[in-house]
Amino acid sequence: MLHLWEYAFNAATLVAICTFPSTAIAAPSFLNGRDLNSFVTTERAISLQGVLNNLGPGGSKAPGAGAGYVVASPSLTDPDYFYTWTRDSALTLKMLIDEFINGNAALQTHIEDYVHAQAVLQTVASSSGSFLPAGLGLGEPKYQVNGTRFNGAWGRPQRDGPALRAIALISYSNYLIKNGESKDVKTRIWPIIQNDLSYVGQYWNSTGFDLWEEIQGSSFFTSLAQHRALAQGTVLAESIDVTCTGCDQADEVLCFLPSYWNGKYIDSNINVNDGRTGLDGNSILGSIANFDINALCDSPTFQPCNSRSLANFKVLIDTFRATYAINSDIPVGQGVAVGRYAEDVYQGGNPWYLITTAAAEFLYDAVAQWKARHNLLVDATSLAFFQDLYPTITIRKYNSASGNANSSFAQIMDAVTAYADSFVAIVEKYTPADGALAEQFDRNTGVALSAVDLTWSYAAFVTMALRRSGGYPASWGTRNIALELATCSASSTPGVYVPAVAAGAPNVTAPCSIAVNFNVDATTYYGENIYVVGSDLVLGEGDVDNSFPLGAGNYPIWSATAYLTAGATVTYQYARQEDCGHPWILESGTRSLTLPACGGAAQTTNDEITTDQGTSGNCGT
Ligand SMILES: *[C@@H]1O[C@H](CO)[C@@H](O)[C@H](O)[C@H]1NC(C)=O
Ligand SMILES: *[C@@H]1O[C@H](CO)[C@@H](O)[C@H](O)[C@H]1NC(C)=O
Ligand SMILES: *[C@@H]1O[C@H](CO)[C@@H](O)[C@H](O)[C@H]1NC(C)=O
Ligand SMILES: *[C@@H]1O[C@H](CO)[C@@H](O)[C@H](O)[C@H]1NC(C)=O
């Protein structure tokens, strides 16, 4: 595998790229025989194998990983990513499921392993809480690769994981139903999906950590996935004749989505004062994960061909033109290296392979949607996006005028496709000769860095390559989705959580617990968070590294509900920490709370923290 296409990457190619940096990137024909099509074909095969290498059991780079667990990266130090994340796993499996449906039959055993592994994982108690009675454990982002809990301070909870897992399993279920396996879906897979949809319906309106695990607020990527999961869950439930608990929240999540649009671009993190512009690769990843080839561009689901998505794309990409030295000679209208957000400093704050390929995928998606609709409506919102690519464009409707291969519509489609290709050419330029995709590449030199062989980088390459070759997953029903509510409400549907025993979950039972609403008045500086550590398992059993995080929705009151063992006397303390490895600041005194016996009433604390706020280390800024 290591030398598959080294033949094409000779010294002459390198010289050609270095001599004409921007034109070489825009026009694959300048690449002296290392043309984009052959790069994509070869790298796609390397990427699919790269994913399988990181998959348990038996993946060559995933020793010790249990069956169906996706290792994020084999990297063990700086950073240590040898864990399994619910988000990365679900996005990776969605790719494998689409490839399987597309004809790669050998992938089914991996998909079946994943089904089993996730049924088990749902029941694992962690610092996010237990599975029963209220599903809190489903918000845990990260586990050991053998499916046991990860003990350590982390950005918890993360609410995109259950939604993405439901989406992946719904895609697989729809395939099985088409192939006469409805009963199997209903008895074995639906119970896993129902737990995740319960979680989404119950907690979509609570803050959580974003996909980069840094910001506790509301995340565009998360909300989009939550809406899609509930909307698709509604349809699946009807088709197998079951009730979907939580799916009734779909309209409310949809109603909430426009809150992310600030008039100029998508502010990816809201309900938080994070000191950032909010321009973030989060938005592109959200749109491509929501892509529906059948969608209308004015669908409220922020499809790639939507005017707001396009306007956001231009503003976001332009921030990276100005941020990274390796982009400095590339004119507007040509693809650049794309990272998470301009203020990023993690591992040096560099471009990411998976977000640069996502930019290409976004554009291929949009072109596919316009071609499928046979028209393109340019409006005041999207005009600036198109002007960079096709300067004479005006605000109007362009029809495909089929039969005319050189219509304005056809020229615009070619221009957007070439723009997409130019992002792929950037990935090509900075992919090392063996085709390995790390997490990032250096903003000044383009050299690969951070976690090696990142599963998500490989999965993102495969989905991009599939779109580029005209492969699209089945519609997820966006044509039937419209904004139904005149006003949006803060709301939640209590979930129903049952171990998915038929899929292999242990039949865990609810310890009889009492809901405790922790409320503590604590002034914090930006970046500092408040936790509770205490004698109960959910509170970390006295280990502050496993403490229970509170949310700042009612700042300066920090609060969250934990389910603690009934009848026990719980001792607890509040702790502060900035989320980048600063030492804990723990209260010196111990508080105590005696819980009523099984069936007793919920308890509420109204505490005031006794420690002073720490000193800002300005991590992350
Ligand atoms: C699971 O993996 C962790 C981390 O390597 C290890 O500490 C633990 O003992 C393992 N547990 C089981 C049941 O294998
Ligand atoms: C909850 O929903 C309401 C209504 O859409 C919205 O105003 C509020 O920002 C949401 N809060 C969170 C944390 O989702
Ligand atoms: C397509 O049309 C453009 C102007 O609209 C023109 O410059 C170009 O030569 C045409 N190409 C072909 C192949 O006809
Ligand atoms: C799981 O345990 C509960 C409580 O003991 C029991 O009611 C239920 O039937 C069990 N489910 C299965 C599938 O064994």
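All of these numbers come straight from a predicted model, not from anything done at the bench. We're numbering straight along the sequence, starting at 1. We count ligands from 1, going down the list as the structure has it; atoms in each ligand are counted the same way.
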Please list all pairs passing the salt bridge (charged side-chain N to carboxylate O under 4.0 Å, His left out) test where one or both residues lie in residues 549-560, with sequence neighbours left out.
none
With a cut-off of 4.0 Å, which atoms of ligand 1 are near a heavy atom of Asn146?
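With Asn146 as reference, the close atoms of ligand 1 come out as 1 (C), 2 (O), 3 (C), 8 (C), 10 (C), 11 (N), 12 (C), 14 (O).
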Under a 4.0 angstrom heavy-atom cut-off, which atoms of ligand 1 come close to Gln144?
4 (C)
Can you find a heavy atom in the side chain of Gln158 that is under 4.5 Å from one in the side chain of Thr222?
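No. Closest side-chain heavy atoms not under 4.5 Å.
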Hey, are the side chains of Asn146 and Tyr69 touching, using non-hydrogen atoms and a 4.5 Å cut-off?
no
Is it the side chain, the backbone, both or neither of Ser491 that has a heavy atom closer than 4.0 Å to ligand 2?
neither
Before accepting this row, confirm whether a basic side-chain N of the pair Arg276/Asp267 lies closer than 4.0 Å to the acidic partner's carboxylate O.
no
Note: Asp280-Arg340 ion pair, threshold 4.0 Å (strictly below):
no
What does the 4.0 Å heavy-atom contact list look like for ligand 3?
Asn406, Gln411
Please check this pair: side chain of Asp88 against backbone of Trp456, looking for a donor-acceptor N/O pair closer than 3.5 Å.
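Absent.
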Among side-chain atoms of Tyr364 and Asp421, is any donor-acceptor pair under 3.5 angstrom?
yes
Pair Tyr143-Arg149, side-chain donor/acceptor within less than 3.5 Å:
no
Cation-pi, Tyr83 ring and Lys142 (6.0 angstrom, 45 degrees)
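Cation-pi check for Lys142 and Tyr83: passes.
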Could you tell me whether Arg576 sits above the aromatic face of Tyr574, with NZ or CZ closer than 6.0 angstrom to the six-membered ring centre and within 45 degrees of the axis?
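No; the conditions do not both hold, so Arg576 does not lie above the ring face of Tyr574.
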Contact check, Cys255 vs ligand 2, heavy-atom distance below 4.0 Å:
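No, Cys255 has no heavy atoms under 4.0 Å from ligand 2.
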Thr207 to ligand 2: N or O pair under 3.5 Å?
no
Does Asn205 reach ligand 2 with a nitrogen or oxygen that is under 3.5 Å from one of the ligand's nitrogen or oxygen atoms?
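For ligand 2, there is an N or O atom that lies under 3.5 Å from one belonging to Asn205.
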Ligand 2 atoms nearer than 4.0 angstrom to some heavy atom of Ser218 are 12 (C), 13 (C), 14 (O)
Within ligand 2, which atoms have a heavy atom of Cys488 less than 4.0 Å away?
4 (C), 5 (O)
